[in-house]
Structure formats: C-alpha cells, structure tokens
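Below, each value reflects all heavy atoms present in this structure, side chains not excepted, and no hydrogens, waters or symmetry copies. First the proteins, then the strands, lettered A, B, ... as listed; each starts at 1.
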Amino acid sequence: MVERVNDLDTPERRDRLEALAPERLAELDTEDDTDDDPLGTLPNVDEYDQIRMRLAPNPNGPWHLGNARMPAVIGTYKERYDGWMLCRFDDTDPETKRPELAAYDSILDSIAYLGFEPDEVIRASDRLETYYEHARELIDRGGAYTCSCSAEAFSDLKNNGEPCPHRDKDAALVADEFEAMVNGEFSAGEMVLRARTDITHKNPALRDWVAFRMIDRPHPREAAAEFRCWPMLDFQSGVDDHLTGITHIIRGIDLQDSAKRQQFLYDYFDWEYPEVLHWGHVQIDDYDVSMSTSTIKALIDDGELEGWDDPRAPTIESCKKRGILGEAIVNALVELGTSTSDVDLAMSSVYAQNRELIDDETDRAFFVRDGVERQIVGGPDAGNPPVHPDHEERGTRTIPVEGGVLLESEDLPANGDRVWLKGYGCVRHTRDALEFTGDSIDVVRNEGVPVVHWVPARDNVSLELKTMDGTVTGHAEPGVQSYDPGAELQFERVGFIRIDASSTPMVAYFSHP
RNA sequence: GCUCGGUUGGUGUAGCCCGGCCAAUCAUGCGGGCCUUUCGAGCCUGCGACACGGGUUCAAAUCCCGUACCGAGCACCA
C-alpha cells in the first residue's frame with residue numbers, strides 16, 4: 001500500500017487526498033503563509049498577550065554594524081507582532097567596561113537611523129535601589145550569601161565542587177554584610193554577594209555566581225556616582241527582564257549560560273523565565289578593521305582612523321556618511337537570521353539592498369579621477385546626458401566642452417581610435433585632440449566603440465572622494481556644485497556617492513558600486 | 001580539564017522540533033545572453049551545498065550513535 005502511494009506523483013497524491021480527506025488538503029495549503037521578512041517565528045507567541053522584547057546595549061562607545069543586528073531583528077519582530085520594545089542600557093560596570101556619556105545618545109541616534117524607536121528607554125544605573133531590594137529579598141529566601149574569598153581562592157574551590165566557608169553563614173550576618181556593601185563599607189575585591197545555586201552542578205559555569213561586587217571608581221553618570229555596590233549582568237538583567245515583562249530575549253551565544261544561571265534566581269522568586277534565543281557572532285567582510293568597539297577606538301586614538309565616521313571603519317556613523325541607508329543595513333542584517341552559528345555579513349548584500357532603495361531616485365553625474373586633458377575639435381558646444389536614464393521626464397544635464405575635456409587615463413583611446421563620450425557623441429583621438437566624428441550611436445552597438453564619462457577641463461568642480469581605500473581626488477561635472485550636503489548621486493561608471501561638504505574642493509563619500 | 005552549542009553552494013538563509021510534496025528555498029555573488037550612450041536597473045539563463053562514518057526506517061538534510069572541525073562559558077566584563 002505504502003509503495004503504491006510512493007509511486008504516485010504529487011498531483012496524483014493531491015487528487016487522492018482531496019477525495020479522501022479534503023479538510024487535510026486545505027490544511028496543507030495554508031501551512032505555508034510566509035511573512036515578508038526572512039526571520040523565523042518566535043517561540044510560543046500565542047501564549048502572550050503582547051510580545052515584549054528589549055535591546056540591552058552597553059553604552060561604552062558608538063555602534064558598529066554588528067550592534068545594529070539587535071535593533072534590526074528585534075525591531076522587525078516588534079513590527080511583525082505589533083509588540084513592544086525597550087532599550088535598556090546595561091551600564092553596571094563603571095570600571096572594566098566603563099560607560100561613555102556620549103554613547104547613550106549616539107546609540108539612540110543609531111537606532112533611529114536604522115528606523116526604529118524604543119517604546120521606553122531605561123538605564124540600569126538609575127535602578128540600583130530596585131536591585132538592592134531584590135537582593136534583600138533573595139537573601140531572605142536563602143538564595144544568596146556574602147563571600148569574602150578572593151576570586152582565585154573561590155575559583156579553586158568551585159572547580160572542585162567544594163563550597164567555601166561563607167556558604168553556610170548565618171542569614172542575619174549575610175543581611176548585615178550586604179547592607180555594609182550597599183553603604184560602601186567595603187572596597188573592591190573585599191566582599192561580594194553570591195547567588196546560592198548548586199556548588200556541585202556538573203556545569204562549572206553555573207556554580208554560585210557573583211551577583212553583586214564592590215567597585216571603587218565612581219560611575220560616570222552623576223546620578224549614579226555615589227554607588228559602590230554594583231550588580232553583575234546576570235542579576236541586573238534577570239531582575240529587569242522580569243520587572244519589565246519581557247517575553248522574548250534574543251542575545252549572543254556568549255550569554256548561553258546566562259539563562260541557566262538566572263533560572264536559579266527565577267526559581268527563588270518563583271518567576272517564569274522568558275523565551276530565549278541565542279545567535280552567533282557576526283563577522284564582516286570587505287573591512288580591514290575588525291568589528292570591535294575597543295579596536296576601532298584604539299585605531300582612532302592612534303590616528304589610524306579619522307574618527308568613528310571614517311569610511312574604513314565598520315560603524316553606523318560611517319555608513320551614514322557614505323549614504324548607506326539604515327533600512328539597507330537592517331534588511332541585510334535581518335537576512336542573516338538568528339542562527340546560533342557564527343555568520344559573515346557580506347557587504348555586497350548591504351550594497352545590493354541600498355542600491356535597490358536609492359537607485360531610482362539618484363541623479364547621475366560624471367566624475368573623472370586623474371584626468372587626462374584633450375581639446376575637442378568640431379562638434380557641439382556641450383553634451384546633454386540624461387539626469388536619470390530611466391526617467392526621461394527629469395530632463396538632461398548640460399556639460400560644456402569648450403576649453404577641452406578630461407578623461408580617465410584608462411579611457412583615452414589609442415591614437416586613431418574612437419570613443420563615445422557619454423551624452424556628447426563619438427570622437428576620434430588624433431595626435432593631441434579628440435575630433436568629433438558625427439557617427440551615430442550604431443558605432444557603439446555594432447562596432448564596439450567604448451562609452452566613457454568625461455568632464456570639462458575648465459568648467460568643473462574639484463572633488464575629494466573618500467573611499468574605504470583612501471581618498472581619491474578628481475573633477476566632477478559643473479552641475480554637481482548645486483547639490484547640497486547629504487545628496488546622493490551616482491557617478492556613472494564609478495559608483496554611488498554621498499555629497500558631504502560643499503567646500504572647495506567638495507567632499508563626497510563613496511557608497512558602493 | 002569540565003560544561004554547552006553549532007556544521008546546508010563563494011556568502012547568508014529556508015527546511016530539521018512533527019522523516020515522505022527536497023533530484024533542497026530565497027537572496028547575494030560569479031558566468032553567459034537580451035536590452036542599454038554605466039561597471040547601475042530590468043529580463044532570460046547558467047554555476048554551486050545537506051561536514052564525515054555508522055545505525056533506525058519502506059523512506060533520513062530531518063531521528064539516534066560516533067568522528068572531525070568550529071565556537072562559546074567555567075570573570076568581583078557586558
């Protein structure tokens with residue numbers, strides 16, 4: 001029987017199924033409604049009235065493209081499920097990953113550039129009292145103890161699955177010592193509060209982790225500068241996720257054990273842990289600079305990069321300068337999905353997305369790098385290429401040839417050969433000039449005459465083009481002068497660019513081919 | 001050392017939970033062709049992948065075991 005079914009082809013099976021069980025066929029047909037984004041569905045969405053997610057950036061510097069993945073994916077899910085999105089600054093380390101005051105705003109700016117707006121913004125450093133209250137509650141429930149072991153001494157015990165002497169401390173003493181921590185009566189390293197998990201747990205990463213520690217250096221935010229007793233990420237984030245009603249957490253595989261650690265906390269408090277997804281690290285091709293906040297910062301400090309918006313830096317600010325839309329970045333990042341394995345983001349994918357978004361609206365212009373000058377002999381006074389080849393209604397540009405033209409040296413034909421100056425006509429290279437031939441466009445179609453871009457030798461605009469490989473100087477056609485900073489153009493046969501400054505020379509950033 | 005996770009074409013991804021519509025999706029990339037006064041867009045077309053070995057099964061990308069490789073955690077970082 002099974003073999004006979006296997007022998008049927010798909011339409012035959014459908015026919016048989018329709019005859020036997022039409023309702024099952026309808027089910028099959030509706031199973032593949034797909035969304036317009038490539039992300040998978042979130043787990044158990046039906047169990048929640050509202051999907052609530054959070055971005056949890058550490059404000060220790062401006063964002064790079066990897067950081068953008070969080071708002072790109074979470075923001076996309078928010079839109080799909082009509083959910084709620086929190087931006088929570090996890091700024092609880094004034095020492096090792098010290099927050100940078102300017103980063104709070106710059107991160108919010110980057111999120112906005114990507115096209116998203118958090119429904120609420122909070123800072124962990126505003127919430128210390130809340131964490132203290134929960135720590136007291138945890139101590140009351142027997143879930144934590146103060147410990148004055150050195151990090152090394154505790155690590156040795158822990159690795160052998162042995163408790164430290166402080167583990168069975170009297171609850172009242174724990175409470176007192178914790179208040180002393182809160183009051184700043186200890187210095188860094190002298191005392192911590194540990195979560196009591198399972199000191200013999202087979203995974204050593206979960207054994208009695210630190211919940212609070214002392215930090216001597218004041219927090220850079222004035223409002224938080226007086227505190228010395230700071231929660232660790234697992235405690236702070238665990239409490240906040242519950243209090244803000246987060247239903248779905250998405251975070252990196254480096255935090256794979258976090259949920260397991262925090263589960264002990266949730267058990268003590270009798271809370272329900274949110275759904276959690278982990279994704280791998282993102283690497284990026286095409287850049288020589290690694291996608292790491294600290295690396296980029298170091299290169300800027302050393303003068304290797306001009307700043308966070310240097311086109312060689314894989315940052316959001318640099319993309320913005322280059323005219324790469326936030327939407328293009330988001331589309332490319334969303335395409336990466338949320339797999340747990342490490343992924344490479346191909347910049348060609350970002351470029352393809354951006355091209356699709358801006359191509360139709362972007363005016364065309366000529367830009368000649370390292371120009372070779374030649375006089376034009378005979379022929380009209382000016383060329384008139386279209387503003388956009390697909391939109392005749394947008395008109396034409398007027399580019400004079402009086403006084404000669406500049407061609408890219410590679411485009412200058414050999415003596416005696418012809419070349420078609422785009423928007424002007426066919427010319428022949430004779431000794432030291434270009435003679436207008438009056439040939440029709442058929443010579444391009446049938447005889448293989450190359451088509452090249454050009455600019456007037458005199459009436460042109462000097463322009464510096466900043467690219468990932470350094471700055472290129474050259475000359476643009478006169479009309480480029482009239483574009484304001486922020487405008488995007490396509491330099492024909494060169495690529496898309498964004499005008500950055502109307503100075504002399506003008507400054508533009510190269511977007512992509 | 002202990003623990004946890006991963007491996008689908010050049011890149012990314014879908015499918016895996018619930019084995020059969022999978023001779024494996026879509027995008028990007030690269031190659032051809034058409035069109036074209038761009039190296040852009042559009043249209044047509046081609047290239048190219050289930051890490052390896054066993055097992056279960058009528059049937060395995062999908063389930064199980066092992067191997068290899070990659071990654072992560074075992075911080076008083078996030």
Check: For the pair made of OH in Tyr351(A) and P in G12(B), what is the distance, rounded to whole Å?
Finding: 17 Å
Side-chain donor-acceptor contacts of residues 420-429 of chain A below 3.5 Å, not counting sequence neighbours, with atom names and distances?
{"from": "Lys422(A)", "atom 1": "NZ", "to": "Glu492(A)", "atom 2": "OE1", "distance (Å)": "3.1"}
{"from": "Tyr424(A)", "atom 1": "OH", "to": "Pro380(A)", "atom 2": "O", "distance (Å)": "2.8"}
{"from": "Arg428(A)", "atom 1": "NH1", "to": "Gly416(A)", "atom 2": "O", "distance (Å)": "2.9"}
{"from": "His429(A)", "atom 1": "ND1", "to": "Pro413(A)", "atom 2": "O", "distance (Å)": "2.7"}
{"from": "His429(A)", "atom 1": "NE2", "to": "Arg374(A)", "atom 2": "NE", "distance (Å)": "3.3"}
{"from": "His429(A)", "atom 1": "NE2", "to": "Arg431(A)", "atom 2": "O", "distance (Å)": "3.2"}

Check: At under 4.0 Å between heavy atoms, what does Lys202(A) touch on the DNA or RNA strands: base, sugar-phosphate, or nothing?
Finding: sugar-phosphate
Item checked: Any donor-acceptor N/O pair, Asp93(A) side chain to Glu95(A) backbone, under 3.5 Å -> yes
Notebook entry, point to check: For His134(A), which residues count as a side-chain hydrogen bond (donor to acceptor under 3.5 Å, both in side chains) partner, sequence neighbours excluded?
Noted result: none
Note to self: Test of understanding: with side-chain hydrogen bond (donor to acceptor under 3.5 Å, both in side chains), list the residues that count as partners of Asp234(A), not counting sequence neighbours.
What the structure shows: Ser258(A), Arg261(A)
Check: Residues in salt bridge (charged side-chain N to carboxylate O under 4.0 Å, His left out) with Glu361(A), at least two apart?
Finding: none
Item checked: Side-chain donor/acceptor of Arg364(A) to base of U38(B), under 3.5 Å -> yes
Next item on the list: Pick base, sugar-phosphate or nothing for Glu335(A), based on heavy-atom distances below 4.0 Å to the nucleic acid.
Entry: sugar-phosphate
Next item on the list: Could you list the residues that satisfy salt bridge (charged side-chain N to carboxylate O under 4.0 Å, His left out) with Glu177(A), not counting sequence neighbours?
Entry: Lys169(A)
Check: Can you find a side chain N or O atom of Ser339(A) that sits less than 4.0 Å from OP1 or OP2 on G12(B)?
Finding: no
Check: Which of residues 381-392 of chain A sit near RNA chain B, with a heavy atom under 4.0 Å from it?
Finding: Pro389(A), Asp390(A)
Checklist line | With Tyr509(A) via side-chain hydrogen bond (donor to acceptor under 3.5 Å, both in side chains) - residues at least two apart | finding: none
Item checked: Between Phe510(A) and Phe491(A), ring centroids under 6.0 Å -> no
Check: Would you say Arg194(A) and Trp209(A) make side-chain contact, with heavy atoms under 4.5 Å?
Finding: no
With the criterion being N/O to N/O and under 3.5 Å, what pairs connect the protein with nucleotides 48-52 of chain B, and how long is each?
none

Notebook entry, point to check: Pairs in or reaching into residues 334-361 of chain A: which pass ring pair (Phe, Tyr, Trp, His ring centres under 6.0 Å), with residues at least two apart or in two chains?
Noted result: Tyr351(A)-His512(A)
Check: With sequence neighbours excluded, what pairs up with Gln490(A) under the side-chain hydrogen bond (donor to acceptor under 3.5 Å, both in side chains) test?
Finding: none
Check: Of all the base pairs, Watson-Crick or G-U under 3.5 Å, which form stems of three or more consecutive pairs involving RNA chain B?
Finding: B:1-7 with B:68-74, B:10-12 with B:26-28, B:29-34 with B:42-47, B:51-55 with B:63-67
Next item on the list: Starting at the 5' end of nucleotides 63-78 of chain B, put B wherever the base has a protein heavy atom under 4.0 Å, S where only the sugar-phosphate does, and a dash everywhere else.
Entry: --------BSBBSBBB
Item checked: Side chain Gln353(A) and base U28(B) donor-acceptor under 3.5 Å -> no
Item checked: Heavy-atom side-chain proximity of Lys297(A) to Glu100(A) below 4.5 angstrom -> yes
Item checked: Cationic N near anionic O, under 4.0 Å, Glu488(A) to Arg498(A) -> no
